[in-house]
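Some notes on the structure that comes next.
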Amino acid sequence: MKRFQSKMQIKQPIDVENSINSGQVFLWRKNKEFWYGVNGQDILEVNKNGKIKSLQNYKTDFFRNNDNFDEIIKSISKDKIVKNAVKKYPGLRIIKQDPFQCLISFIVSSNSNIQKIKTNLENISQKFGERVEYKDQEFFLFPNAKTLSKASITEIKNCGVGYRAKFIKEASKIFASEKIMIDDLKSSDYFDAKKKIRIIPGIGNKVADCILLFSLDKLESFPLDRWMIRILEKYYSKKFQIDTKTITEKQYDILHEKIVDYFGLYAGYAQQFLFKMERENYQKKWL
DNA sequence: TCGAGTCCTTCCGC
DNA sequence: AGCGGAAGGACTC
């Protein structure tokens, strides 16, 4: 019995509420005891324990249950700051989402805020995605790359995305043309995958890191947005000296290297815990 | 109510 | 290479 237990990995519970409300996904809403969300061509229903039912029955490890959390938590717990954040949100997960939806979501997120990103993406889904019914509710699937690539800039602009409309169209074109392929990105290492998606207009350093972390299994990716820079300045100023508020391309790369040196190959998880903690400290709104 | 500042950045042109 | 400015529009104070 004892031997069996020691070999068995203890299944860590999922904190669904906080995982969905941590800036990773946007097309989600709560109805009674369930969360419902659009994930590419699928609609998911999630209960409070993280059990998933879906419209299409696609099998995805949405909450990354296959990750080894004992190892990850141990690996990233380098200091009091991370340890406290982990303690506060023990069931916080990195979400593995539909890559195309993720890519468009974070192009839209650039220089924006959660409320606006959500509205923009809802508009895109409603306008270009297929209407479906699931569990007596109406949803719109996220449009596929081919559909979006054929939309006019004006139509996309009408979703409220402004100057990002042409990026969205171009990104969809590249995605649909198979110049960029998911399987290839997944099997590439972090640097190669990043290089490949950085070709797409609207994808800079930070957006690329979000896409890699939230849909392409690159757990060493550590998106450095305004908030993370602020967090590093506040808690880690001695470890990572940050000279300016708007960091350049080169500074970003150097900083990322230092971060992975420090937090290890699961740095992305550290980022998620820190980000969640600090946004809650400032009582920022989520979905 | 109003206006100014802010916002999970990227791109462009110098 | 490195910088400053612009890009929509909703939200906040």
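So that the names make sense, note that chain A is the first sequence line, chain B the second, and so on, each numbered from 1. In what follows, every heavy atom counts, from backbone to side chain, and hydrogens, waters and symmetry copies are set aside.
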For A:Phe275 and A:Trp286, take the angle between the two ring planes, folded into 0 to 90°, and tell me which bin it lands in: parallel under 30, tilted 30 to 60, perpendicular over 60. perpendicular

In terms of the nearest nucleotide of DNA chain C, which residue is placed more toward the 5' end: A:Asn113 or A:Lys285? A:Asn113

Donor-acceptor pairs are to be reported for all side-chain atoms of residues 49-58 of chain A against protein atoms at under 3.5 Å, with residues two or more places apart or in another chain.
residue, atom, partner, partner atom, Å
A:Ser54, OG, A:Asp42, OD2, 3.2
A:Ser54, OG, A:Asn57, N, 2.8
A:Gln56, NE2, A:Gln41, O, 2.8

Counting any heavy atom closer than 4.0 Å, what does A:Phe167 reach on the DNA or RNA strands: base, sugar-phosphate only, or nothing? sugar-phosphate

5'-most contact on DNA chain B: A:Ser22 or A:Ile203, nearest heavy atom basis? A:Ser22

From the options B:dC8, C:dG2, B:dT9, select the nucleotide whose nearest atom is closest to the side chain of A:Tyr163. B:dT9

Taking the P atom in each of C:dG8 and B:dG13, what is the distance between them to the nearest angstrom? 15 Å

Tell me whether the centres of the aromatic rings in A:Phe26 and A:Phe106 are closer together than 6.0 Å. yes

NA contact type, A:Lys157, heavy-atom cut-off 4.0 Å: base, sugar-phosphate, or nothing? nothing

What's the NZ-P distance between A:Lys206 and B:dT10, to the nearest Å? 7 Å

Using the P atom as the point on both nucleotides, what is the distance between C:dG2 and B:dC8, in whole Å? 27 Å

Distance, rounded to the nearest Å, where A:Arg198 contributes CZ and B:dT10 contributes C1': 9 Å

Would you tell me if any nitrogen or oxygen in the side chain of A:Lys118 comes within less than 4.0 Å of OP1 or OP2 on C:dA10? no

Paired stems touching DNA chain C, three or more consecutive Watson-Crick or G-U pairs with both distances under 3.5 Å? B:3-7 with C:9-13, B:9-14 with C:2-7

Aromatic ring proximity A:His256/A:Tyr190, centre distance under 6.0 Å: yes

Can you check whether A:Tyr236 and A:Phe263 have ring centres sitting under 6.0 Å from each other? yes

Any donor and acceptor pair, going by atom type alone, linking the side chain of A:Lys218 with main-chain N or O of A:Leu185 inside 3.5 Å? yes

How many whole angstroms separate atom CD of A:Gln251 from atom P of C:dA1? 14 Å

With the side chain of A:Thr248 defined as its heavy atoms from C-beta on, choose the nearest nucleotide among C:dG9, C:dC3, B:dC7. C:dC3

Starting from P on C:dA10, measure out to CG on A:Asn123 and report it in whole angstrom. 10 Å

Rounding to an integer number of Å, can you tell me how far A:Trp227 CH2 sits from B:dC8 P? 7 Å

Evaluate side chain to side chain contact (heavy atoms under 4.5 Å, CB included) for A:Tyr36 paired with A:Leu44, printing each intermediate quantity in order. CA-CA 6 Å; A:Tyr36 294 90; A:Leu44 309 184; over 6 Å; no

From the list B:dC8, B:dT9, B:dC7, which nucleotide is the closest neighbour of the side chain of A:Ile114? B:dC8

Looking only at the aromatic ring of each residue, does the gap between the centers of A:Phe62 and A:Trp35 stay below 6.0 angstrom? no

Sugar-phosphate only, base, or nothing, as touched by A:Pro223 at under 4.0 Å among non-hydrogen atoms: nothing

Quick check for you: among C:dG8, B:dC8, B:dT10, whose closest atom lies nearest to any side-chain atom of A:Val207? B:dT10

How long is the line joining CG of A:Asn205 and P of C:dG2, in whole Å? 14 Å

Heavy-atom nearest nucleotide on DNA chain C for A:Lys250 versus A:Ser110: which residue maps closer to 5'? A:Lys250

Can you check the A:Tyr252 OH to B:dC8 C1' distance for me, whole Å? 11 Å

On the nucleotide B:dT10, are OP1 or OP2 found under 4.0 Å from the side-chain N or O atoms that A:Arg226 carries? no

Look at A:Arg279 and B:dC8 and indicate whether a side-chain polar atom (N or O) is within less than 4.0 Å of OP1 or OP2. yes

Taking for each residue the nucleotide of DNA chain B with the nearest heavy atom, is it A:Lys166 or A:Ile117 whose nucleotide lies nearer the 5' end? A:Ile117

Would you kindly give the CG-to-C1' distance between A:Leu287 and B:dC8, to the nearest whole Å? 13 Å

Residues, nucleotides or ligands: over 12 heavy atoms within 6.0 Å of A:Lys179 NZ: no

Per A:Arg230 side chain, nearest of listed nucleotides C:dG9, B:dC7, B:dT10: B:dC7

